[in-house]
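Step one of this worksheet: look at the structure below.
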Amino acid sequence: MTKDVRTRFAPSPTGLLHVGGIRTALYAWLVARQNQGQFILRLEDTDQSREVYGADSHIIECLKVLGLDYDEGPDKSGNFGPYRQSDRLDLYKIWAQKLIDSGRAYADPYTSEEVQKFRELAQKQKIPFLYRNHRPEKLPKWDGTKPLRFKSDPKPYIWTDAVMGTLSTGTEVIDDFVLIKSDGFPTYNFAHIVDDAEMKITHVIRGQEFIASTPNYLNMYEALGLDRPILATMPHILNESGNKKLSKRDGAKDVLDYTNDGFLPEALINFIATLGWNDGTEQEIFSIQELIQKFSLSRVGRSGAHFDEKRLLWINGIHIRNMGLKELSNKVVKYWPKTADKANEDYKEKVLSLTKERLKFFKELPELTEFFFTELPINPKLISENKYLKKLDKSEIISLLETSKATLEQSDFTYADLTNSLNNLLETTNQKPAILFSLIRIATTQAPASPGLAESLELLGKKVSIERINNQIENI
RNA sequence: GGUCUCAUCGUCUAACGGUUAGGACACUAGGUUCUCAUCCUAGAAACCCGGGUUCGAUUCCCGGUGAGAUCACCA
């Protein structure tokens, strides 16, 4: 019987969750789901000064919209709660006491100013600063008013990371880090180890900012007599242009920005999952089920990947096109232009079926469909800047429009009959489609782009189409 | 500065000693009776540099360079 897989996403509620941050959560979720294990959300809120109001509910909302459901979390009880570190303070005291009892923890006798002096001195001497070089001979007793430090056991480490492979460091990275701060809260370094052990976490999947402190954690596992979990370190996702880590400050949008703009959760997940991971085949589009089945940490790339929004746009378009009309229709309800309010559902669904293949994200819907619901103002530039039409006289244009109108008035405006009428018009006017169809399309839509002419006319209907042609004639 | 990590088209990547270095996004050109899009076809586009090892290196080793991470009573 293999051990139950339990993975966790453990963000600190200090800001918004952007696309880079969510990747770690996604991978942890995938590992849990593919092993029929559990995925746990734990809020690491041990730094009160950095906490951002509402960040916790934002994180929960992001996971929810993407469908990364967790089996245990702050708002979902489990056997290993509470799932908010600020509610687990007693537990850290208990584990700290174990270290104190075994002589592996002691009170930091120095003020932070004194420690800072040691640090500057080391800098001046151009040697790495190590707190343990200043460790008192006789370890001071801890009364809770001073920081509690780990008495480390410096040694070199070689370990295996599920993503990075074999990693190694020398003794110089091991130090007496702080376990409990003077405000009584544990540090991340200590709290996450206690929590992962208490919560029986099997895979610690996190960003590469933790790679340098991992040897200290290995040292701590030993001091506590704990088995190490499987460690997996993710490279950062970089900004589109530069080489900076993706961050909100540089204009990176958070997950909700994307879903609000009408990006599909499954497309977002497809995009994020394949940013630095592939299954070794040439497949690019994955359903969530396929990802659960095929994902593996060992195929995650070791170098940082740039966020490419164009690719996200492409993936989202594909997922939209692969979706049934009814389903799509249900998802776009809140994105229609205001002018569509009066339109009936059947008509909107027809508009959607014509627009579907050019929709990249739902927020584009109004600009793509507005003319189906309301008559847009005449835009003279559409004719005056058209490659073919700008060469024609006004009189020629009016004449073409009049002829077109006369022919279309005879049509019953079914798709077949419209196609037929339009073909006849090409013959009677002896014009190229580039001229005739452009003109009719512009007159009836006033839009720079639209679906096919016959389909559009059919949907607009005879009355509206003729009115718009008239209006164009009067405003040449 | 110390430590650690990484390095294939503009971007995401495949390759695990022998390939015309493959795919995808983006881009360019053409086709689909008009536009935009879809779809199809074609095109341009990459192994960071220098040494080894080897019959043969993008691939293995060393050095350099570049990039990233970290060196908090932050996570």
Side-chain angles (χ1 to χ4, degrees), chain A residues 10-14 44-47 49-50 108 112 115-116 119 122-123 126-131 146-149 161 164-165 167-170 172-173 175 177-183 185-189 191-192 206-215 233 235-236 238 240 242-245 271 274-285 301-315 317-318 321 354-360 368 382 386-389 419 422-423 426 432-442 445 447-454 456:
Chain A
S12 63
T14 52
E44 311 226 316
D45 58 343
T46 55
D47 186 356
S49 64
R50 291 208 321 154
D108 181 344
S112 49
V115 175
Q116 184 55 29
R119 191 172 287 125
Q123 245 160 30
K126 295 207 193 291
I127 55 167
F129 168 72
L130 284 169
Y131 181 94
K146 290 291 215 166
L148 182 70
R149 281 188 186 262
D161 184 281
M164 303 304 263
L167 300 173
S168 61
T169 51
E172 66 283 351
V173 299
D175 200 9
F177 62 89
V178 172
L179 304 170
I180 309 270
K181 297 179 270 183
S182 50
D183 66 2
F185 279 74
T187 58
Y188 166 85
N189 296 331
H192 89 273
R206 81 238 288 194
Q208 72 167 333
E209 64 269 32
F210 297 107
I211 205 165
S213 35
T214 297
T233 305
H236 284 138
L238 279 12
E240 196 130 34
N243 286 320
K244 280 156 81 184
K245 178 177 155 187
F271 170 72
T274 52
L275 198 53
W277 171 86
N278 73 86
D279 71 342
T281 71
E282 287 178 355
Q283 184 170 355
E284 307 275 347
I285 302 300
R302 289 195 272 270
S303 59
H306 289 84
F307 182 91
D308 181 8
E309 198 169 46
K310 292 239 177 69
R311 190 177 162 80
L312 172 58
L313 243 22
W314 171 71
I315 290 179
I318 288 186
R321 272 174 260 133
L354 293 189
T355 312
K356 185 179 164 187
E357 72 189 26
R358 63 210 77 206
L359 195 59
K360 297 269 192 241
L368 256 26
L382 290 175
N386 181 285
K387 198 165 131 192
Y388 304 101
L389 298 178
T419 309
L422 291 170
N423 279 334
L426 287 176
K432 288 182 176 143
I435 290 181
L436 188 72
F437 290 2
S438 297
L439 189 55
I440 300 174
R441 201 189 63 73
I442 288 166
T445 65
S450 66
L453 187 52
S456 298

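A, B, ... follow the sequence lines: proteins, then strands. Residue 1 opens every chain. Computation of the quantities below employed the complete heavy-atom set of this structure, encompassing side-chain atoms and omitting hydrogens, waters and symmetry-equivalent molecules. Just so it is clear, the model here is predicted, and its values are computed rather than measured.
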**Request:** Answer with base, sugar-phosphate or nothing: what part of the nucleic acid does A:Lys310 contact at a heavy-atom distance below 4.0 Å?
**Result:** sugar-phosphate
**B:rU41 versus B:rU32 - spacing of their P atoms, nearest Å** = 16 Å
**Prompt:** With rounding to whole Å, what would you report as the distance between B:rU53 and B:rU58 at their P atoms?
**Reply:** 16 Å
Every protein N/O within reach of nucleotides 31-38 of chain B N/O, cut-off under 3.5 Å:
| unit_1 | atom_1 | unit_2 | atom_2 | d |
| --- | --- | --- | --- | --- |
| B:rU33 | N3 | A:Asn423 | OD1 | 2.8 |
| B:rC34 | O4' | A:Pro433 | O | 3.2 |
| B:rC34 | O2' | A:Ser438 | OG | 2.6 |
| B:rC34 | O2 | A:Arg441 | NE | 3.1 |
| B:rC34 | N4 | A:Leu453 | N | 2.6 |
| B:rU35 | O2' | A:Pro448 | O | 2.9 |
| B:rU35 | O2 | A:Arg441 | NH1 | 3.3 |
| B:rU35 | O2 | A:Ser450 | N | 2.8 |
| B:rU35 | O2 | A:Ser450 | O | 3.3 |
| B:rU35 | N3 | A:Ser450 | O | 2.7 |
| B:rC36 | O2 | A:Arg358 | NH1 | 2.5 |
| B:rC36 | N3 | A:Arg358 | NH1 | 2.5 |
| B:rA37 | O2' | A:Glu357 | O | 2.5 |
| B:rA37 | N1 | A:Glu357 | OE2 | 3.1 |
| B:rA37 | N3 | A:Glu357 | OE2 | 2.7 |
| B:rU38 | OP1 | A:Lys360 | NZ | 3.2 |
| B:rU38 | O3' | A:Arg321 | NH1 | 3.3 |

**Prompt:** For the side chain of A:Ala305, counting heavy atoms from C-beta on, which of B:rC25, B:rU5, B:rU13 is nearest?
**Reply:** B:rU13
**Item:** Base paired to B:rU35 (Watson-Crick or G-U; both N/O distances under 3.5 angstrom)
**Value:** none
**Request:** Would you mind reading off the distance between A:Arg302 atom CZ and B:rA7 atom P, rounded to a whole angstrom?
**Result:** 7 Å
For nucleotides 71-75 of chain B, print each protein N/O atom paired with a nucleotide N/O atom at under 3.5 Å, atom names and distance only.
| unit_1 | atom_1 | unit_2 | atom_2 | d |
| --- | --- | --- | --- | --- |
| B:rA72 | OP2 | A:Arg119 | NE | 2.8 |
| B:rC73 | OP2 | A:Arg149 | NH2 | 3.1 |
| B:rC73 | O2 | A:Ser182 | N | 2.8 |
| B:rC73 | O2 | A:Ser182 | OG | 2.7 |
| B:rC73 | N3 | A:Ser182 | OG | 2.9 |
| B:rC74 | OP2 | A:Lys181 | NZ | 3.1 |
| B:rC74 | O2' | A:Asp47 | OD2 | 3.1 |
| B:rC74 | O2' | A:Arg50 | NE | 3.2 |
| B:rC74 | O2' | A:Arg50 | NH2 | 3.4 |
| B:rA75 | OP1 | A:Thr46 | OG1 | 2.6 |
| B:rA75 | OP1 | A:Lys181 | NZ | 3.0 |
| B:rA75 | OP2 | A:Tyr188 | N | 2.9 |
| B:rA75 | O3' | A:Glu44 | OE1 | 3.3 |
| B:rA75 | O2' | A:Ser12 | OG | 3.4 |

**Prompt:** Rounding to the closest angstrom, what is the interatomic distance between B:rA14 and B:rU59 at atom C1'?
**Reply:** 13 Å
**Prompt:** What integer number of Å spans the P atoms of B:rA44 and B:rU54?
**Reply:** 38 Å
**Item:** A:Leu312 vs A:Met164, nearer the 5' end of RNA chain B by closest nucleotide
**Value:** A:Met164
**Item:** Of the listed nucleotides B:rA7, B:rU5, B:rG23, the one nearest the side chain of A:Ser303
**Value:** B:rA7
**Any strand: nucleotide that pairs with B:rU3 via Watson-Crick or wobble, under 3.5 Å** = B:rA69
**Request:** Just name whichever nucleotide pairs with B:rC48, Watson-Crick or G-U, keeping both distances under 3.5 Å, else none.
**Result:** B:rG64
**Message:** Taking the six-membered ring of A:Tyr131 as reference, does the cationic atom of A:Arg149 (NZ for Lys, CZ for Arg) lie under 6.0 Å from its centre and within 45° of its axis?
**Reply:** yes
**Distance (rounded to the nearest 0.5 Å) between A:Leu167 CG and A:Asp161 CG** = 5.0 Å
**Request:** Could you give the distance separating B:rA7 and B:rA24 at their P atoms, to the nearest angstrom?
**Result:** 24 Å
**Request:** Count the heavy atoms of every other residue, nucleotide or ligand shown that sit under 6.0 Å from OH of A:Tyr388, and state whether that count exceeds 12.
**Result:** no
**Item:** Heavy-atom check, side chain of A:Phe437 versus side chain of A:Leu426, under 4.5 Å
**Value:** yes
**Fill in**
For A:Ile285 and A:Gln283, the nearest pair of non-hydrogen atoms, with its separation, is O-NE2, 2.9 Å
**Request:** Provide, to the nearest angstrom, the distance between the NZ atom belonging to A:Lys356 and the P atom belonging to B:rC39.
**Result:** 12 Å
**Asked** NZ of A:Lys126 versus C1' of B:rG1: gap in Å, rounded?
**Response** 6 Å
**Item:** A:Phe210 six-ring centre to A:Arg206 NZ/CZ under 6.0 Å and within 45° of normal
**Value:** yes
**Asked** Roughly how far apart, to the nearest Å, are B:rA45 and B:rU11 at atom C1'?
**Response** 12 Å
**Complete:** From NE2 of A:His306 across to P of B:rC9 the rounded distance in Å is 11 Å
**Request:** Would you check, one step at a time, whether the test side-chain contact (heavy atoms from CB on, under 4.5 Å) holds for A:Phe129 with A:Gln123?
**Result:** CA-CA 7 Å; A:Phe129 168 72; A:Gln123 245 160 30; over 6 Å; no
**Message:** Both A:Pro128 and A:Gln208 contact RNA chain B. Taking the nearest nucleotide for each, which residue is further toward the 5' end?
**Reply:** A:Pro128
**Prompt:** Considering every strand shown, what is the Watson-Crick or G-U wobble mate of B:rC27 when both distances are under 3.5 Å?
**Reply:** B:rG43
**Request:** Can you tell me the distance, in whole Å, between the CD1 atom of A:Ile315 and the C1' atom of B:rU13?
**Result:** 12 Å
**Message:** Rounded to whole Å, how long is the line connecting atom CD1 of A:Ile211 with atom C1' of B:rC4?
**Reply:** 7 Å
**Item:** Partner nucleotide of B:rU58 by Watson-Crick or wobble geometry (both distances under 3.5 Å)
**Value:** none
**Message:** Do A:Glu284 and A:Trp314 have side chains that approach each other closer than 4.5 Å (heavy atoms only, starting at C-beta)?
**Reply:** yes
**Item:** Spacing between A:Glu172 atom CD and B:rU70 atom P, to the nearest angstrom
**Value:** 18 Å
**Prompt:** Going by heavy atoms in the side chains, are A:Leu389 and A:Ser438 under 4.5 Å from each other?
**Reply:** yes
**Asked** Quick one: does A:Arg311's side chain get under 4.5 Å of A:Leu313's, heavy atoms only?
**Response** no
**Prompt:** Does a nitrogen or oxygen in the side chain of A:His236 sit under 4.0 Å from OP1 or OP2 of B:rG68?
**Reply:** no
**Request:** Measure the distance from CG on A:Asp175 to P on B:rU3 and round it to the nearest whole Å.
**Result:** 16 Å
**Message:** Please report the distance separating the C1' of B:rA21 from the corresponding atom of B:rC74, rounded so that it comes out in whole Å.
**Reply:** 44 Å
**Request:** Check every strand shown and say whether A:Thr355 touches a base, only sugar-phosphate, or nothing at a heavy-atom separation below 4.0 Å.
**Result:** nothing
**Request:** Measure the NE2-OG1 distance between A:His192 and A:Thr46 for me, rounded to the nearest 0.5 Å.
**Result:** 11.5 Å
**Over all atoms of both residues, closest heavy-atom pair of A:Ala447 and A:Leu382** = N-CD1, 3.8 Å
**Asked** With no hydrogens and no angle check, is any side-chain donor or acceptor of A:Arg441 less than 3.5 Å from a backbone partner on A:Pro448?
**Response** yes
**For B:rU19, the Watson-Crick or wobble partner whose two distances fall under 3.5 Å** = none
Atom pairs, protein N/O to nucleotides 14-16 of chain B N/O, distance under 3.5 Å:
| unit_1 | atom_1 | unit_2 | atom_2 | d |
| --- | --- | --- | --- | --- |
| B:rA14 | OP1 | A:Asn278 | ND2 | 3.1 |

**Message:** Under 4.0 Å between a side-chain nitrogen and a carboxylate oxygen: does that hold for A:Asp47 and A:Arg50?
**Reply:** yes
